[in-house]
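Residue numbers start from 1 in every chain, and the chains themselves are labelled A, B, ... in the order their sequence lines are given, proteins ahead of strands.
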Amino acid sequence: MLQWAFDTMLGFGLLWLAWRALNSSDLFKAIVLFIAFGLLMALAWVRLNAPDVALAEAAIGAGLTGALLLAALARLGAMTDQNVSGASAYPVPSAQPPAGSHFSRGLLILLLSASVAGMAYAIWSLPSYATGLSMDVAAHLDDSGVGNPVTAVLLNFRGYDTMLEMMVLLLAVLGVWSLGGLQQQPEKPVAAVLETLSRFLTPVFILAAAYLLWVGADAPGGAFQAGSVLGAAGVLLLLSGWRPRVRLMQWPLRLALTAGAGAFILLGLLTLLLEKQFLTYPVAQAGRMILLLESLATVSIAVTLAILFLSVSSGHKEKSGKGEKK
Amino acid sequence: MQTLYFALALFLLLNLCAGMWRVLRGPTTADRMLSAQLFGTTVVAILLLLAQASDSPALRDVALVFALLAAVTAVAFVQRVWPEDKESERDRG
Amino acid sequence: MSSLLAIDWGVIAILLPLAGGTACVLWPALSKPAGLISVTGVVLAIAGLGWRIMENGIYRHAVGGWGAPLGIDLFADGLSLIMLIMTALVGLGISFYARRYFSPRDAVRFWPIWLFLLAALNALFLSADIFNLYVTLEMTGLAAVALTALTGRIDALGGAMRYLLATLLGSLAYLLGVALLYHDAGSVDIATLAQRIQPNAAVWTALGLMSAGLALKTALFPLSFWLPPAHASAPAPVSALLSALVVKASFYILLRLWLELFGDFAQGASMLLGLLGAAAILWGSLQALRQTRIKLLVAYSTVAQIGYLFLIYPLASAGNGIAAGMAAYLAFSHALAKSAMFLAAGNLMLFGGHDRIADLDRAVQRLPLTVAAFALAGVSIMGLPPSSGFVGKWLLLDAAMSQGRWDLAVVMIIGGLLAAGYIFKVLGYAFTQAEVPHDARAVPAGMEWAALLLAIGAILLGFMASEIFALIAVDLVVNADEAGTVWTA
Amino acid sequence: MTNAFLYALAGSGLFVLGLHALVMHAHVLRKILAINVMGSGVFLILVALARRSGETTTDPVPHAMVITGIVVAVSATALALALMLKLAEKSGQAVLPDKHGD
C-alpha cells in the first residue's frame with residue numbers, strides 16, 4: 001500500500017515537475033525544475049529495479065545536463081543582454097505560447113489527451129507476461145565474461161551498439177567544434193573556497209569513477225557511469241578555473257577523445273581477422289577485453305563530456321570581454 | 001521494518017513538495033538553486049532508505065554518485081549564474 | 001578468388017569510414033587524403049559485398065557471434081545493396097567535388113563528420129535490428145546537423161537548429177515505437193519480429209509513432225517544414241549529401257518496416273502515406289516554382305520528389321518485390337539527379353557569388369559543363385526519356401493505371417509538368433543576359449565534372465532498370481529457399 | 001496490473017507534455033528541455049514495461065538501451081546548446097528565425 005502511494009506520488013511528481021519546468025515564465029526556474037526532474041527520474045529508475053540506469057541518470061541526467069544547461073543559460077544571458085538578476089532572472093517574452101484562438105488551443109489539448117489515452121490503451125493491451133530477452137541473456141551470461149547482465153548486454157551481446165555510441169559522442173564533439181572551435185576565455189577570478197573544494201573533491205570523483213568501472217563487471221556500474229562521474233570531475237575542475245595547457249589540448253586530448261572509439265575499431269578488425277566474426281571475443285579472454293574496452297571508453301566519455309561542457313560554457317572569443325572590463 | 005522505511009521515504013517525498021514551493025516562489029535565483037540542492041539531499045536520503053528497504057546495496061552507489069554530482073550543479077550555479085548576478089547588481093548600484 | 005569472397009565486406013564498409021573519421025580526428029592535417037581513401041575504399045567494399053550477394057545470396061553476419069535475437073545481425077538483401085551502392089557512388093562523386101570546394105580550414109571540419117555520416121549510413125542500410133537502427137539514425141542525424149551548420153552563417157545556424165529539433169523528435173517517436181514493439185514481441189530483430197507480430201493496439205501505436213517519426217525525418221509533406229531552410233543554407237556538397245542520401249536513410253527504414261512488418265495489415269495507413277505523397281508532389285513543385293534562388297528551388301524540388309517515393313505505399317499491392325524495386329530505383333535515380341543539381345547550384349554560386357535565378361547571366365557560355373549537368377539532372381527530375389527518372393515514374397504510372405488509381409496518375413503527370421516549369425525557369429535565365437553584369441570567378445574543372453558525371457549517372461541508370469530489378473529478384477528467390485528459417489552463425 | 005504500469009503511464013504523459021512544449025514554445029532552450037523530457041518519457045516506458053509481469057525477472061536489455069539513449073541524449077543536448085549559443089551570438093536572440101510559426 002505504501003509502495004503504491006510512493007509510486008503514485010513519484011509519478012505525479014514527475015509529470016508536475018515536467019509541466020512546470022516546460023511552462024514556467026522564467027528560464028532559470030525552468031532549468032532548476034528540470035534538474036529536480038532528473039533527480040526524481042533517478043528515483044523512478046530505482047523503483048523500477050534499474051540501478052544501472054539510475055546511476056547513469058544520477059551522473060548524466062541530474063548532474064552533467066544540469067551543469068550544461070546552467071552554463072548555457074549564463075552565456076545566453078550575457079549574449080542577449082537580458083537582465084540577469086533579481087526575482088525573474090530570465091524572463092522571456094516569447095516564452096508564452098503564441099496567441100492562438102481558443103478553438104485551436106482546445107483542439108490541441110484534445111489531441112494531446114487523446115494521444116495519451118491511445119498510448120495508455122496500447123500499453124494496457126500489451127501481453128501481460130513477457131520476459132523479453134532476459135532468458136537469452138541469462139543463458140549466455142556465463143560466456144560473456146562479466147557477471148552484470150547490463151554490462152554484458154552493453155559491452156558484449158550488443159557491443160556493436162556501444163561502438164556506434166562512442167562514435168555519437170565523438171560526433172557531438174566534432175559538431176560543437178565545427179561551430180566555432182574551442183577558444184579559451186579569460187575567466188573571472190575563482191573564489192578560494194571553490195579551489196579548495198575542487199582540490200578535495202577531484203580525487204574522490206576519480207576514486208568513485210574507478211570504483212564504478214571496476215564494480216561494473218558484476219554489479220551496477222560500468223563505463224558510461226564511470227565516464228560520466230569522471231567527466232563531472234573534469235567539469236568541476238573547469239568550473240574552478242583550471243584550464244588544460246595548450247600542449248595538452250593537441251594530440252593528448254585527441255588521443256583521449258578517440259581512445260574508446262579506436263579501441264572498438266581495432267578490436268573489431270582484430271576479431272574479424274582472427275575469429276572471422278566481428279566483435280566476437282574469445283570466451284576465456286572476454287572479461288579482460290571488456291575491462292580494457294571499458295577503461296578506454298571511460299576515458300573517452302569523460303574527456304568528451306568535459307569538452308562539451310567547456311565548449312558550451314566558455315564558448316567563443318567574441319564574448320569573452322565581459323569579465324575584463326570590470 | 002520495510003513498512004517503516006517506506007513510510008519514511010514517503011514522508012521525505014512529501015517534504016520535496018515543500019521544497020518545490022521554494023523553487024516556484026523564489027524570490028532570488030539562489031533560493032531556487034538551494035532548494036534544488038535540498039532536493040538532491042532528500043533524494044540521497046530516500047535512496048538510502050530504499051536501499052535498506054529492498055536490501056540492494058547497489059542503491060548506496062547511486063546515492064554516492066548523487067551526493068558527488070550535486071556538487072557539480074552547485075558549483076556550476078555559483079560560478080556561472082550567481083557572479084553575474086552580483087556584478088549586474090553592482091552595475092546598477 | 002574465394003578468399004576475397006570470404007571477406008566480410010559489409011563489416012569493412014562500416015569500419016573503414018569509422019577508422020577514417022577517427023584518423024581525421026587524430027591527425028587533422030591528413031583529413032582530405034584520409035577522407036578520399038576511405039570513400040574510395042567504401043566503394044570497393046560495397047562492390048565486394050555486391051559480388052558476395054550475387055554469389056551467395058542474402059548477406060547476414062551475426063555481430064559478436066551471438067545471433068539474433070540476443071545479438072545484433074548485419075543483413076543485406078537486394079534493397080539494402082542498392083541503397084549501399086547509391087550511397088557509395090553518390091558519396092564518391094560528392095567527395096571529389098568537396099575535395100576542391102572546401103578551404104583547408106573547413107576541410108578539417110567537413111571530412112571527419114562526413115566519414116562518420118557515411119559509416120552511419122552504411123551501418124543503417126546493413127542493420128537488421130530496430131534498436132541498432134535507432135542508434136544509426138541518431139548518428140546520421142547528428143552528423144547531418146553538424147554538416148548543415150558548417151558555414152556558421154545565421155541562416156545555416158537557424159536551419160541546422162530546426163533540423164536538429166526535427167530529427168531528434170523523429171528519433172524519439174521512432175524509439176517509442178521500438179519500445180512498444182520490443183515489449184509486444186520480445187525482440188528487436190526484424191526477422192524475429194516479423195514472425196511474432198500480430199496486429200494489436202500496441203503494434204498499431206508503434207506503427208503510427210514510427211511512421212510519423214520517420215516521415216518527419218524524411219520530410220514528407222506536411223512534416224517537411226524543416227527541409228528547405230536546412231538544405232538551402234548548407235554548403236553545396238552538404239546539401240547534396242542531405243538531399244540525396246540522408247533523407248533516403250529514414251525512408252529506407254520506413255520501407256523496410258512496411259515490407260517486413262506492417263505491410264500485411266496496414267492498408268489504410270498506406271493510403272494515407274500515398275495521399276501525403278501526392279500532396280507533397282503538388283505543394284513541393286508549386287513552392288519550387290515560386291522560388292527566386294536556385295538552392296531553395298532545388299530543396300523544394302526534393303520535397304516534391306520525396307512525394308513520389310511515398311506513392312509506392314498505396315501501389316504496393318503488386319507485391320513486395322516490385323514495390324521494393326520501384327522504391328530503390330526511384331531513390332537511386334533521385335539521389336543521382338539531386339546531388340548533381342545541388343553540386344551544379346554550388347558551382348553557379350561559386351561562379352557568381354550568389355544564387356539568384358534571375359541574375360544567372362549567361363552562365364551557359366561560361367560554365368557549360370555545370371549548366372549541362374543541371375539540365376541533364378533536370379531531365380531526370382522531370383521524368384523525360386531516356387533518363388532514370390522517366391523509367392521510375394513510368395513504372396509508378398503503370399502501377400497506378402493498372403490499379404485504377406487515376407487520381408495518383410494525374411498527380412504524377414501534373415508533378416512532371418510543374419517540374420518542367422521550375423527547371424526551365426533556371427535554364428532560361430542561364431541562357432539570357434542579366435540586366436546588371438557582374439564579376440565571375442573561375443570554378444575548378446573537377447567540380448564541374450563531378451556534377452556532370454552524377455547527372456550522366458542519372459541518365460545512364462535509365463538503361464539499367466532490369467539490372468536493379470534483377471538484384472531485388474535474386475533475393476526473393478533466395479528468400480523462398482530459406483523461407484522461415486532464421487539464419488544464425 | 002503492477003505499479004510498473006504507473007510509470008509507463010507517467011512516461012507517456014511526459015512524452016506528450018514534452019511534445020506540447022516543443023511545438024508551443026518559441027525559445028530554443030525550452031525546446032531543448034522539451035526534447036529531454038520527451039526522451040525521459042520514452043526511457044521510462046521502455047524500462048517500466050519490462051517490469052510489468054511483476055517482480056520476478058528483470059530484463060537487462062531495455063536497461064542497456066536506456067543507458068545508450070541517455071548518452072545519445074546528452075550528446076544531442078550539448079550540440080543543441082552549442083548551436084543555440086552560436087545562433088544567439090549571431091542573431092541576438094535564441095528564437096528560431098521562422099516564417100512558418102511554430
Side-chain angles (χ1 to χ4, degrees), chain A residues 4 7-8 11 14-15 18-19 21-22 27 30 34 41 44 48-50 52-53 56-57 60-61 64-65 68 72 75-76 79-80 92 94-95 97 112 115-116 119-120 123 129-134 137 149-150 153-154 158 161 165 168-169 172 175-176 179-180 224 308 311-312 315-316 319, chain D residues 3-10 12-14 16-21 24-27 29-30 33-34 36-37 40 44-45 47-53 57-64 66-68 70-72 74-79 81-86 88-89 92-95 101:
Chain A
W4 270 94
D7 291 334
T8 315
L14 280 171
L15 285 172
W19 171 251
L22 294 175
L27 277 178
F34 183 75
M41 277 302 288
L48 288 167
N49 207 5
D52 293 87
V53 184
E57 181 85 42
I60 295 182
L64 278 168
T65 309
L68 269 174
R75 288 205 64 80
L76 192 64
M79 273 172 196
T80 51
V92 185
S94 52
L112 293 176
S115 47
V116 175
M119 256 189 269
I123 290 168
Y129 193 83
T131 49
L133 291 169
S134 53
V137 173
V150 178
V153 173
L154 272 175
R158 299 183 67 91
D161 274 345
E165 200 55 38
V168 170
L169 279 168
V176 170
L179 281 173
F224 285 116
L308 288 175
S311 315
V312 167
H316 317 295
K319 291 290 151 188
Chain D
N3 41 11
F5 271 109
L6 266 176
Y7 288 101
L9 287 185
S12 21
L14 289 178
V16 173
L17 273 182
L19 183 60
H20 172 256
M24 293 303 283
H25 288 294
H27 198 283
L29 192 61
R30 264 169 217 284
L33 285 182
N36 272 297
V37 167
S40 296
L44 205 52
I45 294 176
V47 169
L49 288 181
R51 297 267 301 163
R52 68 183 187 279
S53 46
T57 50
T58 312
D59 186 355
V61 176
H63 295 192
V66 167
I67 292 174
T68 307
I70 288 177
V71 177
V72 172
V74 74
S75 321
T77 304
L79 183 59
L81 288 174
L83 207 52
M84 174 191 80
L85 290 175
K86 196 79 184 168
E89 186 186 288
Q93 53 179 351
V95 180

Q: Check each atom of D:Val72 against the heavy atoms of chain A and say whether the ones under 4.5 Å are side chain, backbone, both or neither.
A: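 When you check distances to chain A, atoms from both the backbone and side chain of D:Val72 fall under 4.5 Å.
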Q: Sort D:Ala21 into side chain, backbone, both or neither according to what part of it lies under 4.5 angstrom from a heavy atom of chain A.
A: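 Contact with chain A involves the side chain of D:Ala21 alone.
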Q: When heavy-atom pairs shorter than 4.5 Å are enumerated against chain D, which of A:Ile60, A:Leu64, A:Asp52, A:Ile123 gives the highest number?
A: A:Ile123
Q: Measure the OG-NE2 distance between A:Ser115 and D:His20 for me, rounded to the nearest 0.5 Å.
A: 11.0 Å
Q: Over all heavy atoms of both residues, which pair between D:Ile70 and A:Glu57 is shortest? Give the atoms and the distance, please.
A: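 D:Ile70 and A:Glu57 have their closest heavy atoms at CD1-OE1, 3.7 Å.
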Q: Just one of D:Leu14, D:Val16, D:Val37, D:Leu9 clears the side chain to side chain contact (heavy atoms under 4.5 Å, CB included) bar with A:Leu15, so which one?
A: D:Leu14
Q: Is it the case that the side chain of D:His25 and the backbone of D:His27 share a donor-acceptor pair, with hydrogens and angles ignored and the cut-off at 3.5 Å?
A: no
Q: So, taking the atom named CG in A:Leu22 and the one named CG in D:Leu19, what distance separates them when rounded to the nearest 0.5 Å?
A: 11.0 Å
Q: Among the options D:Leu79, D:Val47, D:Ile67, D:Val61, pick out the one with the most heavy-atom pairs lying under 4.5 Å from chain A.
A: D:Ile67
Q: Heavy-atom cut-off 4.5 Å, strictly under: side chain, backbone, both or neither for A:Leu14 against chain D?
A: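 Both parts, heavy atoms under 4.5 Å.
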Q: Go through A:Ala50, A:Ala44, A:Ala56, A:Ala120 and name the one with the most non-hydrogen pairs under 4.5 angstrom from chain D.
A: A:Ala50
Q: Contact part of A:Ala21 toward chain D, heavy-atom cut-off under 4.5 Å: side chain, backbone, both or neither?
A: backbone
Q: I'd like to know which of A:Leu308, A:Val150, A:Asp161, A:Leu68 tops the heavy-atom pair count under 4.5 Å against chain D.
A: A:Val150
Q: Show the numbers, then the answer: is there a side chain to side chain donor-acceptor pair (under 3.5 Å) between D:Asn36 and A:Thr65?
A: CA-CA 10 Å; D:Asn36 272 297; A:Thr65 309; 5.6 Å; no
Q: If you look at every heavy atom in D:Ala78 and A:Val176, which pair is closest and at what distance?
A: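 Of all heavy-atom pairs spanning D:Ala78 and A:Val176, the closest is O-CG2, 4.2 Å.
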Q: Who among A:Leu154, A:Thr8, A:Val116 has the most heavy-atom pairs with chain D under 4.5 Å?
A: A:Leu154
Q: Considering only heavy atoms, which portion of A:Val137 lies under 4.5 Å from any heavy atom of chain D: side chain, backbone, both, or neither?
A: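 Side chain only.
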Q: Under 4.5 Å from any heavy atom of chain A, what part of D:Leu29 do you find: side chain, backbone, both or neither?
A: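 Contact with chain A is through the side chain of D:Leu29 alone.
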Q: Taking atom CZ of D:Arg30 and atom CZ of A:Phe34, what is their separation to the nearest 0.5 Å?
A: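 So the gap between those two atoms works out to 13.0 Å.
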